[in-house]
Amino acid sequence: QRVGLRLALIGSIKDEILNTTEMAMEFLLFLGNAYPDLLKERYDIDDPALKAEMMLEKIGDLRGCLKKGNQVDVDKAALLVLEDFRSAKLGRISLEKPGEEED
């Protein structure tokens, strides 16, 4: 599963066949563990232990991803997070570490 998620994150698997919102939430949890400073710097998220859904809502609010009724469009926010990663706007990020066990 971990390898599949990594392939999807880098765009090797078409987004159309994936749930990009769940993928972005997994990625945000990964960032919270491995790169908490990036969450603060790019998305103003101080608490890397925050639930992924709450992170996406905050990102959507900050980036203006709103639907009718001023509700945050988490699906659009998820796509923005994935695009930030894929276009290297988050900087250099390694999705694995040497010696890390695969599932």
Side-chain angles (χ1 to χ4, degrees):
Q1 282 184 331
R2 193 181 302 173
V3 172
L5 176 64
R6 291 175 183 155
L7 288 171
L9 285 171
I10 63 171
S12 293
I13 301 174
K14 290 183 180 184
D15 287 342
E16 293 80 26
I17 62 172
L18 301 168
N19 184 329
T20 53
T21 302
E22 286 182 16
M23 187 169 52
M25 287 193 289
E26 286 293 324
F27 180 64
L28 288 171
L29 292 175
F30 166 78
L31 284 180
N33 289 323
Y35 299 94
D37 293 341
L38 287 178
L39 283 176
K40 171 67 177 151
E41 183 180 316
R42 180 75 179 171
Y43 303 118
D44 197 29
I45 295 175
D46 295 324
D47 183 6
L50 198 62
K51 288 185 177 183
E53 286 180 59
M54 296 183 80
M55 285 188 215
L56 264 184
E57 286 186 23
K58 183 171 183 173
I59 292 166
D61 189 41
L62 288 172
R63 302 283 296 271
C65 302
L66 301 175
K67 300 190 257 187
K68 288 184 179 179
N70 252 4
Q71 290 185 315
V72 174
D73 186 345
V74 292
D75 296 328
K76 187 174 181 181
L79 290 173
L80 285 174
V81 168
L82 295 175
E83 181 59 30
D84 283 352
F85 169 65
R86 291 174 180 165
S87 64
K89 290 180 182 173
L90 297 174
R92 292 181 153 200
I93 294 176
S94 176
L95 297 176
E96 58 186 29
K97 295 179 183 176
E100 187 176 68
E101 291 277 327
E102 292 299 327
D103 292 345

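For reference, positions follow the sequence shown, starting with 1. Everything numeric here is computed off the predicted structure, so don't read it as measured data.
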Quiz item: Hey, does L9 have a side-chain heavy atom less than 4.5 Å from the side chain of F30?
Solution: no
Practice problem: For S94, check side-chain contact (heavy atoms from CB on, under 4.5 Å) against everything at least two apart and list the hits. | Solution: Y35
Self-check item: Pairs satisfying ring-ring contact (aromatic ring centres under 6.0 Å, His included), at least one member in residues 52-72, at least two apart
Solution: none
Practice problem: Report the C-alpha separation of L31 and V81 in whole Å, then their side-chain angles, then the decisive distance to 0.1 Å, and conclude whether the side-chain contact (heavy atoms from CB on, under 4.5 Å) test is met. | Solution: CA-CA 11 Å; L31 284 180; V81 168; 5.5 Å; no
Quiz item: Any side-chain heavy atom of F27 within less than 4.5 Å of one from L5?
Solution: no
Quiz prompt | Over all atoms of both residues, closest heavy-atom pair of P48 and M55 | solution = O-CE, 3.5 Å
Exercise. Supply the atom-to-atom distance T20 OG1 to L79 CG, rounded to the nearest 0.5 angstrom.
Key: 4.5 Å
Quiz item: Same cluster or not: are L62 and L66 linked, directly or through other Ile, Leu, Val, Met, Phe, Trp or Tyr residues, by side-chain heavy atoms under 4.5 angstrom apart?
Solution: no
Self-check item: Contacts of type side-chain hydrogen bond (donor to acceptor under 3.5 Å, both in side chains), residue D61, not counting sequence neighbours
Solution: none
Quiz item: Got a sec, which residues hit side-chain contact (heavy atoms from CB on, under 4.5 Å) with L80, two or more places apart in sequence or on another chain?
Solution: R63, C65
Quiz item: Which residue pairs pass the side chain to side chain donor-acceptor pair (under 3.5 Å) test with at least one member in residues 37-53, sequence neighbours excluded?
Solution: K40-D44, K40-D46, R42-D84, Y43-D84
Quiz item: When rounded to the nearest 0.5 angstrom, what distance separates CG in L28 from CE in M25?
Solution: 9.0 Å
Exercise. Among residues two or more places apart or on two chains, list those pairs meeting side chain to side chain donor-acceptor pair (under 3.5 Å) that have a residue in residues 67-76.
Key: T21-D75
Quiz prompt | Listed once per pair and sorted, the salt bridge (Lys or Arg N to Asp or Glu O under 4.0 Å) pairs that draw on residues 10-23, sequence neighbours left out | solution = D15-R86
Exercise. Sort and list the pairs that fulfil ring-ring contact (aromatic ring centres under 6.0 Å, His included) and have at least one residue in residues 48-84, not counting sequence neighbours.
Key: none
Quiz item: Is I45 close to I59 at the side-chain level, that is, under 4.5 Å between some pair of heavy atoms?
Solution: yes
Quiz item: For residues 49-81, which residue pairs qualify under ring-ring contact (aromatic ring centres under 6.0 Å, His included), counting only residues two or more places apart or in two chains?
Solution: none
Quiz item: Got a sec, which pairs hit ring-ring contact (aromatic ring centres under 6.0 Å, His included) with one end in residues 51-76, sequence neighbours left out?
Solution: none
